[in-house]
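Notes follow once the structure below has been shown.
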Amino acid sequence: MVSTSDGQRAQGGSAPGGPATHDVTNQAPPLTPYDASADTALLQGLRREGAGWAEEDLRRLGRQAGSVQAQEWADLANRHEPELRTHDRYGNRVDEVEFHPSWHHLMRTAIAEGLAGSPWADDRPGAHVARTAGGLVWGHTEAGHGCPTSMTYAAVPALRRQPELAKVYEPLLTSREYDPQLGVPTEKPGLLAGMGMTEKQGGSDVRTNTTAATPTAEPGVYTLRGHKWFTSAPMCDVFLVLAQAPGGLSCFLVPRVLPDGTRNTFRIQRLKDKLGNRSNASSEPEFDGTVAWLVGPEGQGVKTIIEMVNCTRLDCVMMSAALMRKSLVEAGHHARYRSAFGARLVDQPLMRNVLADLALESEAATTLTLRLAGAADRAVRGDEGEAAFRRIATAVGKYWVTKRGPAFTAEALECLGGNGYVEDSGMPRHYREAPLLSIWEGSGNVNALDVLRALSREPGTVEALFGELDRARGADSRLDTAVTRLKRQLAEASQVTARRLVERMALTLQASLLVRHAPPAVADAFCATRLGGDWGHAFGTLPEGSGLDTVLERALPDVG
């Protein structure tokens with residue numbers, strides 16, 4: 001501030017009577033605080049899939065996720081990345097990862113809110129749906145800490161293959177208490193679980209793993225020797241890992257600390273320098289005489305751990321849908337306040353087309369995610385039809401929704417223009433995060449091949465998929481035509497056509513859900529574009545008469 005001759009004060013040293021050089025105009029105010037659960041499609045899906053009883057808690061979590069404090073935790077956890085400490089000051093091997101306090105705040109909240117293993121200890125129908133919905137809301141913070149919570153959730157059904165181990169560890173894996181300190185697992189109030197499958201010579205082809213498991217004199221106890229290529233969340237308390245036992249590839253439980261209080265051999269060679277997901281530590285651990293307990297029979301490691309993979313694949317779909325919704329909210333907020341060429345961005349027809357197109361994609365992803373969660377919940381409770389549907393639809397959803405994420409976040413970022421390209425906006429972090437969810441738990445090719453495997457080896461999955469699609473038969477001619485075409489494509493399925501086939505499965509499945517559960521304008525716009533072909537190659541190419549106002553008002557009431 002400087003004084004002027006007439007007693008007025010000018011900012012920034014501008015000339016007397018001139019405009020202030022640093023007045024801020026035509027910029028959106030901060031988004032926070034906002035309610036991350038204010039999503040009609042999410043709330044309707046929660047009720048529809050049997051978890052309406054969780055709505056009050058979900059709304060409370062949504063307000064917390066959109067709070068200034070929680071968004072600051074997310075930012076700080078990514079700006080101050082985890083650091084590996086291999087030795088203490090005296091030269092002793094410790095292999096510990098240090099995190100910023102914000103990471104621990106995020107983890108503590110997620111676990112207390114039931115986003116880790118607690119649904120397995122909850123007998124209420126819809127418990128797994130409630131957890132997924134919570135992830136869709138809490139995912140508005142940041143994705144990195146979703147990795148250990150996801151693996152902890154997914155470890156429980158795999159561990160149940162060894163009942164005596166599950167009896168000891170399951171109550172701790174389903175706890176809502178977070179304790180980041182390494183210690184004897186059975187002496188802690190709650191545990192986190194990780195997994196180690198991939199090795200550098202094989203990647204997704206885990207049967208080529210070379211880590212060796214040698215039986216000891218104690219039944220069920222082995223020692224491991226080998227090197228894992230990608231093991232996320234090395235600070236977890238226990239890990240499910242694959243290794244070659246005398247009877248073939250097998251699954252093992254590896255604790256960081258042994259029952260007598262000594263450190264198990266878990267040498268963290270380095271942390272990965274990743275494109276995104278940087279708040280979370282991913283590592284290369286080395287086993288050398290590492291004590292492990294057999295989970296499931298020898299030679300059935302993939303069969304044992306596949307249930308864990310199915311759970312984490314659902315979480316990939318959920319995290320992609322959460323990232324889409326968060327990016328859409330950011331884009332809509334900016335468009336509401338930013339003006340260009342004499343009008344607010346949101347009032348300009350072309351921007352409304354872009355936002356409405358993104359809203360369609362987001363709602364389709366959210367609706368499919370909750371349907372998959374409902375299938376998982378009912379499958380756990382013994383519904384064989386839902387188990388078959390879950391088997392194929394989760395792989396289909398994992399392929400498609402995670403593929404849409406990078407294009408979606410790029411378009412949402414572009415809605416902010418240059419403002420979205422700077423780190424302070426948070427959009428670059430979303431953009432870097434998006435590709436991971438397609439890679440984690442099997443890339444697109446792996447999931448497409450898994451769908452082919454289910455089609456050929458598990459005929460019940462085909463019946464379950466078309467049984468779901470038949471629920472919308474007759475409601476939209478474009479959907480009926482797409483289902484007929486899909487049946488023809490199944491007869492010609494091959495590796496060459498696998499991606500096209502799975503894409504068609506995903507789009508018809510999303511369309512059938514929207515036709516049954518979304519407003520007519522939403523379902524019509526989705527079917528016209530994604531199935532009817534009245535669409536371009538980028539977002540924002542919806543045809544005239546697509547009900548843009550209705551779509552926007554449903555997805556972003558403050559904007560529409």
Side-chain angles (χ1 to χ4, degrees), residues 111 114-132 147-177 185-186 188-197 206 213 218-222 224 233 236-243 245 247-256 259 291-315 372-391 394 441 458:
I111 291 173
L115 305 186
S118 65
W120 299 106
D122 192 336
D123 293 332
R124 291 176 293 182
H128 297 269
V129 177
R131 174 192 173 268
T132 298
C147 179
T149 56
S150 176
M151 292 190 296
T152 301
Y153 168 71
V156 173
L159 193 60
R160 287 178 175 178
R161 300 269 294 183
Q162 202 72 31
E164 63 271 23
L165 290 177
K167 182 178 180 180
V168 174
Y169 291 102
E170 186 171 327
L172 299 169
L173 292 169
T174 58
S175 168
R176 292 193 179 212
E177 294 192 50
T186 55
K188 296 185 63 176
L191 300 179
L192 294 175
M195 64 178 175
M197 293 193 293
V206 296
E218 185 177 351
V221 182
Y222 293 67
L224 308 185
C236 289
D237 301 286
V238 296
F239 294 81
L240 290 180
V241 305
L242 295 178
L249 189 67
S250 307
C251 182
F252 297 89
L253 179 73
V254 175
R256 287 293 312 271
V291 180
W293 281 262
L294 182 67
V295 180
E298 270 196 15
Q300 295 189 24
V302 173
K303 185 176 181 179
T304 299
I305 211 168
I306 195 65
E307 185 61 26
M308 188 175 191
V309 173
N310 285 335
C311 290
T312 49
R313 281 181 175 174
L314 170 58
D315 280 2
L372 296 176
D377 190 88
R378 290 182 280 275
V380 167
R381 301 175 200 286
D383 189 321
E384 294 184 2
E386 287 290 85
F389 173 75
R390 175 202 182 198
R391 169 68 183 90
T394 299
E441 298 306 11
E458 303 172 54

Asp237 to Leu191 - nearest heavy-atom pair and separation: OD2-CA, 3.4 Å
Gap between atom SG of Cys147 and atom CG of Leu192 - 0.5 Å precision: 10.5 Å
More than 12 heavy atoms from other groups under 6.0 Å of CD on Glu384: no
Value rounded to 0.5 Å, distance of CG in Leu159 from CD in Glu170: 7.5 Å
pair Val254-Val238: side-chain heavy atoms closer than 4.5 Å: no
Minimum-distance pair of heavy atoms, taken over all atoms of Trp120 and Cys311: CZ2-SG, 4.2 Å
Side-chain (Arg313) to main-chain (Glu441) donor-acceptor, under 3.5 angstrom: yes
Check: Phe239 and Met151 side chains under 4.5 Å, non-hydrogen atoms: no
Heavy-atom donor-acceptor pair, Thr152 side chain to Ala193 backbone, under 3.5 Å: yes
Non-hydrogen side-chain atoms of Tyr169 and Leu253 separated by less than 4.5 Å: yes
Phe389 CZ to Asp383 CG distance, which is reported to the nearest 0.5 Å: 11.5 Å
Passing candidate, side-chain contact (heavy atoms from CB on, under 4.5 Å) with Met197, options Val241, Leu249, Val309: Val309
Cationic N near anionic O, under 4.0 Å, Glu307 to Arg390: yes
Salt bridge (charged side-chain N to carboxylate O under 4.0 Å, His left out) partners of residues 122-132, not counting sequence neighbours, each pair once: Asp122-Arg124, Arg131-Asp315
Main-chain N/O of Ala127 paired to Asp377 side chain as donor or acceptor, under 3.5 Å: yes
Where Ala158 and Met308 come nearest, the two heavy atoms and their spacing: CB-CB, 4.2 Å
Using atom types as modelled, flag every donor-acceptor pair under 3.5 Å from a side chain in residues 293-302 to any protein atom, sequence neighbours excluded.
{"unit_1": "Glu298", "atom_1": "OE1", "unit_2": "Gly247", "atom_2": "N", "d": "2.7"}
{"unit_1": "Glu298", "atom_1": "OE2", "unit_2": "Tyr222", "atom_2": "OH", "d": "2.5"}
{"unit_1": "Gln300", "atom_1": "OE1", "unit_2": "Arg161", "atom_2": "NH2", "d": "3.2"}

His128 vs Leu314 side-chain heavy atoms within contact, under 4.5 Å: no
Ser250 (side chain) donor-acceptor with Gly248 (main chain) under 3.5 angstrom: yes
Min side-chain heavy-atom separation Leu240-Thr304 under 4.5 Å: no
Euclidean distance, Glu177 CD relative to Ser118 OG, rounded to 0.5 Å: 12.0 Å
Minimum heavy-atom distance Val168-Leu172, with the two atoms named: O-CD1, 4.0 Å
Residue pair Ala116 / Ile111: nearest heavy atoms and the distance that separates them: CB-CG1, 4.1 Å
N/O donor-acceptor pair under 3.5 Å between Ser175 side chain and Pro189 backbone: yes
Over all atoms of both residues, closest heavy-atom pair of Ala154 and Thr312: CB-CG2, 3.6 Å
